[in-house]
Amino acid sequence: MPELTLNNGVTIPQLGFGVFQVPPGETQRVVEDALEAGYRHIDTAAAYRNESGVGAAIAASGIPRDELFITTKLRNGEQGQAQDAFQRSREALGLEVVDLYLIHWPVPSQGLYTQAWKELEKLHQDQQIRAIGVSNFLPDHVDTLLAEAEVVPAVNQIEIHPTFQQSDLAAKCRELGIAVEAYSPLGQGKDLHSEVVALIAAAHEATPAQVILAWHLAQGTIVIPKSADSARMRQNLAAADIKLSPSELDAITALEAGARNGSDPAVAAFTQF
Ligand code: NDP
């Protein structure tokens, strides 16, 4: 499993497993299957309401803690109480230390993300979190944060897939030493139906999902595909073994279509999340 080194020296498995929209009652089973398949990096969030299922799967697995990389995220409605919110997540996960804690969305209308970042910096300083980062931060949110921050975010987790690449934002993050993490890396499954991807997949005797994940990995992007199915989990993990040619990579990059699936972080203001 390829690993990347974040800007504070912490290493992260480049291919992880996301649990957004995994129902709380199924999360333990799904994460146990993912760990059994070989995933060692799990991405959850307080807003997904399934942190305790992730924690139960970790506890049941018997896998040494230092072999796992666990990410969770601060809810939008709790940016004013980041310390308490973090402790609730830590308890739900049953972990002493969380590997990566992210501000889930900037919610610029609240004007709280810089204040929340200062609380994350304290938790990081106290070694309760190994790395802190952001999610859904657009260039102006990154600039506003950096103007006040002592710690440069280790990661910006943003929507990236072939039909929605945010390449300017990704380039800016990389220049600043902020690792780029792609959420919805398969476009929530929609990008799997591309003819271009199908042709490349056939040439590699691979699946469209594997080809798209290999494209992300080739760019140094962290990916966290979700699947509730153990065969597809294994298939996605095996993408790390696929090497695409420069022309194949370019053909996938040419699929950019501005096709955002999620909300626009400039205006998203869902404080219940
Ligand atoms: P993905 O791009 O990972 O797509 C998931 C969909 O693709 C599911 O419907 C899944 O179906 C299907 N799928 C997965 N693998 C395959 C395969 N090999 N073949 C065919 N279909 C496949 O979308 P997500 O939105 O779930 O994003 C992944 C993770 O990113 C989330 O779980 C979460 O951790 C994170 N995320 C973060 C956000 C943020 O705001 N920070 C926002 C959204 C996501 P099935 O389960 O049936 O296999």
Side-chain angles (χ1 to χ4, degrees), residues 12-24 26-27 29-31 33-34 37 39 41-51 53-54 69-76 99-107 113 133-138 141 153 155-166 169 173 179-194 197-198 201 204 206-217 221-240 242 259-266 268-270 273:
I12 181 171
Q14 197 182 353
L15 207 167
F17 183 78
V19 297
F20 178 42
Q21 291 174 327
V22 178
E26 290 172 33
T27 303
R29 191 275 300 166
V30 166
V31 175
D33 285 355
Y39 289 89
H41 165 185
I42 309 292
D43 182 89
T44 182
Y48 304 167
R49 301 174 189 272
N50 58 18
E51 288 170 310
V54 173
F69 191 100
I70 310 299
T71 301
T72 192
K73 313 186 191 88
L74 174 65
R75 298 178 77 108
N76 296 340
D99 296 286
L100 179 62
Y101 194 51
L102 307 178
I103 297 180
H104 205 148
W105 289 83
V107 197
Y113 64 79
V134 295
S135 178
N136 292 298
F137 272 45
L138 297 175
H141 309 132
V155 162
N156 190 7
Q157 183 184 113
I158 53 177
E159 181 177 344
I160 303 182
H161 44 89
T163 59
F164 187 69
Q165 298 174 33
Q166 305 207 72
L169 173 56
C173 289
V180 176
E181 182 166 359
Y183 78 63
S184 303
L186 306 172
Q188 297 188 329
K190 293 177 196 146
D191 285 11
L192 298 173
H193 308 297
S194 152
V197 172
H204 287 265
T207 68
Q210 289 175 321
V211 163
I212 291 176
L213 294 170
W215 169 82
H216 284 285
L217 295 172
T221 303
I222 302 161
V223 278
I224 46 170
K226 172 262 172 187
S227 178
D229 174 81
S230 61
R232 289 192 286 278
M233 289 175 194
R234 287 172 195 277
Q235 183 194 121
N236 293 348
L237 202 57
I242 296 169
R260 187 196 290 281
N261 284 314
S263 302
D264 180 350
F270 33 93
F273 195 66

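For ligands, and for the atoms within them, numbers begin at 1 and follow the listed sequence.
Between D43 and K73 there is a salt bridge, since a side-chain N of the basic residue sits under 4.0 Å from a carboxylate O of the acidic one.
Considering only non-hydrogen protein atoms, atom 43 (C) of ligand 1 sits nearest to Y183 CD1, 3.3 Å. Closest to atom 29 (C) of ligand 1 among all protein heavy atoms lies I224 O, 3.1 Å. Taking atom 19 (N) of ligand 1 as the reference point, the nearest protein heavy-atom neighbour is R232 CD, 3.4 Å. Scanning all protein heavy atoms for the shortest distance to atom 40 (O) of ligand 1 gives N136 ND2, 2.9 Å. Of all protein heavy atoms, the one lying nearest to atom 2 (O) of ligand 1 is L186 N, 2.7 Å.
The ring-ring contact (aromatic ring centres under 6.0 Å, His included) test applied to Y39 returns F17, not counting sequence neighbours. With sequence neighbours excluded, the residues forming a side chain to side chain donor-acceptor pair (under 3.5 Å) with W215 are T253, listed by chain and number.
The line from CD of Q235 to CD of Q210 is 5.0 Å long, rounded to the nearest 0.5 Å.
Judged by the shortest distance from any of its heavy atoms, W105 lies inside the 4.0 Å radius around the atoms of ligand 1.
Taking distance alone, with nitrogen or oxygen atoms compared against 3.5 Å, D229 stays at or beyond that limit from ligand 1. Residue contacts with ligand 1: A209 is placed with no nitrogen or oxygen under 3.5 Å of a nitrogen or oxygen of the ligand (distance criterion only). Remark: ligand 1 and L192 share no N or O pair separated by less than 3.5 Å (distance only, no angle test). Between Q157 and ligand 1, an N or O atom pair is found at a separation short of 3.5 Å.
Heavy atoms of N236 found under 4.0 angstrom from ligand 1 belong exclusively to the side chain. Here S184 has heavy atoms under 4.0 Å from ligand 1 in both its backbone and its side chain. At a 4.0 Å heavy-atom cut-off, ligand 1 touches K226 through backbone and side chain alike. Only backbone heavy atoms of V19 (N, CA, C or O) come within less than 4.0 Å of ligand 1; its side chain stays farther off. When non-hydrogen atoms are compared, ligand 1 lies under 4.0 Å from neither the backbone nor the side chain of L102.
Between F270 and W105, the ring planes lie perpendicular to each other; the angle is over 60°, past the 30° to 60° tilted range.
In the vicinity of H104, heavy-atom distances shorter than 4.0 Å reach the ligand 1 atoms 39 (C), 40 (O), 41 (N).
Separation of the Y113 and F137 ring centroids falls under the 6.0 Å cut-off.
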